[in-house]
Amino acid sequence: MIATQQLTKVFRTVEVETTALRDVTLAIEAGEFVAVTGPSGCGKSTLLNLLGLLDRPTSGSYRFLGEEVARLPERHRVELRRRRIGFVFQSFNLIDELTIRENVGLPLLYQRVAARERRRRVDASLERFDLAARGNHRPGQLSGGQQQRAAVARAVITQPSLILADEPTGNLDSLRGSEVMDALAQLNAEGATIVMVTHAPEYAARAGRIVRLLDGRVEAGPHAGLCLGEGAAAGKRPQGVRAS
């Protein structure tokens, strides 16, 4: 599903040049649950922004669903994001002026899905994430865990090929964080491909594979890129790793 070759991102100002990612080569298969970890400032969020077509690499190749997308025109990138990629952010990014129902249904509105079908899919999504009783509430009336579940419901309402989650438990206590991780794990069990940035080892361990970044590079080593987390225990293996 995802294949990058020597992906590099350099941020430049008049006086400073900062290399956030350097020569990142990575393959992620459909159906994998990959956790991206590493210290602050190592390039995790930059990588997620590139994979989500929110930013462009300075150099290198990025193939998504078999198509080279690193240099696509912006209108094509927007269309791919809307139809193929769902985002979950640490700060929820719900719109305060809208109800939870309206927030969850917003991606379908952008896709011009008919009102009746939109209502059906939103109702099903709210029920799935245990938010049916909160559909007419505003985000500020919900707990942090409920808001993040609403954000996950919004991310998957279009049935995207890829879910990108940037510190989805970062603003939550351990109980609410576990609820969100349970939701992501269930989505992965149903076939969703998930790439999640996290600082929390206990949540990274629930992924099928861990990719560690250090100073903008994928960390090398005998176990780099491999974790026997829940996904791996269920039989999912990174590309190139054979069963013994």
Side-chain angles (χ1 to χ4, degrees), residues 1-5 7 24-36 44-57 60-89 93 104-113 117-118 120-122 124-125 128-129 148-168 180-181 183-198 206-211 225 229-232 234-240:
M1 174 176 282
I2 288 173
T4 72
Q5 288 286 333
L7 205 65
V24 171
T25 296
L26 180 66
I28 297 174
E29 301 285 357
E32 277 201 88
F33 188 165
V34 176
V36 180
K44 300 187 299 297
S45 292
T46 298
L47 176 61
L48 218 63
N49 287 340
L50 294 180
L51 296 183
L53 303 177
L54 296 173
D55 202 356
R56 296 177 184 272
S61 169
Y62 172 26
R63 297 187 68 82
F64 177 55
L65 295 172
E67 178 182 8
E68 178 59 59
V69 296
R71 303 288 178 264
L72 275 182
E74 185 59 27
R75 63 188 179 88
H76 292 160
R77 293 161 63 85
V78 169
E79 187 65 18
L80 264 179
R81 285 199 303 267
R82 285 181 177 176
R83 295 192 176 277
R84 297 294 191 176
I85 304 174
F87 296 90
V88 182
F89 300 98
N93 284 6
V104 171
L106 202 56
L108 299 178
L109 191 63
Y110 291 149
Q111 289 189 2
R112 300 179 181 176
V113 174
E117 174 65 8
R118 197 164 65 241
R120 184 192 70 79
R121 289 168 67 173
V122 169
S125 190
R128 173 177 187 173
F129 291 98
Q148 193 59 294
R149 291 207 307 276
V152 174
R154 180 184 59 190
V156 303
I157 193 74
T158 60
Q159 299 176 324
S161 304
L162 174 66
I163 300 170
L164 299 175
D166 194 356
E167 294 283 1
V180 171
M181 287 302 303
L184 292 176
Q186 181 60 36
L187 290 167
N188 178 243
E190 294 168 4
T193 305
I194 301 175
V195 181
M196 176 185 70
V197 164
T198 183
R206 296 189 64 174
R209 179 158 59 114
I210 295 176
V211 172
E230 291 185 357
K236 298 180 180 179
R237 294 186 297 274
Q239 185 179 33

What are the two closest non-hydrogen atoms of [X] and [Y], and how far apart are they?
{"X": "V122", "Y": "G105", "answer": "CG2-CA, 3.6 Å"}
{"X": "P57", "Y": "L50", "answer": "N-CD2, 3.5 Å"}
{"X": "G86", "Y": "P160", "answer": "N-CB, 3.6 Å"}
{"X": "N93", "Y": "R154", "answer": "O-NH1, 2.9 Å"}
{"X": "L51", "Y": "L162", "answer": "O-CD2, 4.4 Å"}
{"X": "E32", "Y": "A27", "answer": "OE2-O, 4.2 Å"}

Going by the rule side-chain hydrogen bond (donor to acceptor under 3.5 Å, both in side chains), which residues pair with [X] if we only count those two or more places apart in sequence or in a different chain?
{"X": "R149", "value": "E179"}
{"X": "T25", "value": "none"}
{"X": "R83", "value": "E79"}
{"X": "N49", "value": "none"}

Margin query: Less than 4.5 Å apart, side chain to side chain, heavy atoms only: is that true for D55 and T46?
Written below: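 Heavy-atom side-chain distance check fails, nothing below 4.5 Å.
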Under the side chain to side chain contact (heavy atoms under 4.5 Å, CB included) test, which residues partner [X], sequence neighbours left out?
{"X": "E74", "answer": "R56, R77, V78, R81"}
{"X": "A183", "answer": "F129"}
{"X": "A165", "answer": "V88, P168, M196"}
{"X": "A124", "answer": "none"}

Next item on the list: Return the set of residues passing ring pair (Phe, Tyr, Trp, His ring centres under 6.0 Å) with Y62 (not counting sequence neighbours), or none when no residue passes.
Entry: none
Item checked: ring pair (Phe, Tyr, Trp, His ring centres under 6.0 Å) partners for F87, two or more places apart ->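 Counting only residues at least two positions away or on another chain, F87 forms a ring pair (Phe, Tyr, Trp, His ring centres under 6.0 Å) with F89.
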Rounded to the nearest 0.5 Å, what separates atom [atom1] in [X] from atom [atom2] in [Y]?
{"X": "R118", "Y": "L109", "atom1": "CZ", "atom2": "CG", "result": "5.0 Å"}
{"X": "L26", "Y": "L47", "atom1": "CG", "atom2": "CG", "result": "6.5 Å"}
{"X": "L48", "Y": "L54", "atom1": "CG", "atom2": "CG", "result": "8.5 Å"}
{"X": "R206", "Y": "T198", "atom1": "CZ", "atom2": "OG1", "result": "11.5 Å"}

Item checked: I85 and L80: CA distance, side-chain angles, deciding distance, side chain to side chain contact (heavy atoms under 4.5 Å, CB included) verdict -> CA-CA 7 Å; I85 304 174; L80 264 179; 5.5 Å; no
Next item on the list: Give a yes or no on this: more than 12 heavy atoms of other residues, nucleotides or ligands lie within 6.0 Å of atom CZ of R71.
Entry: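 Buried by this count: over 12 neighbours within 6.0 Å.
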Does [Y] offer a backbone N or O that forms a donor-acceptor pair with the side chain of [X] under 3.5 Å?
{"X": "E29", "Y": "G31", "answer": "no"}
{"X": "R121", "Y": "I157", "answer": "yes"}
{"X": "S61", "Y": "Q5", "answer": "no"}
{"X": "R209", "Y": "V34", "answer": "no"}

Next item on the list: Write out all pairs satisfying side chain to side chain donor-acceptor pair (under 3.5 Å) with one or both partners inside residues 158-168, taking only residues at least two apart or from two chains.
Entry: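 Residue pairs passing side chain to side chain donor-acceptor pair (under 3.5 Å), neighbours aside: S45-D166, R84-S161, E167-H199.
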Next item on the list: Run the numbers on M1 and L65 for side chain to side chain contact (heavy atoms under 4.5 Å, CB included), then give the verdict.
Entry: CA-CA 5 Å; M1 174 176 282; L65 295 172; 4.0 Å; yes
Margin query: I'd like to check the salt bridge (charged side-chain N to carboxylate O under 4.0 Å, His left out) partners of R128; sequence neighbours left out, ordered by chain and number.
Written below: E190
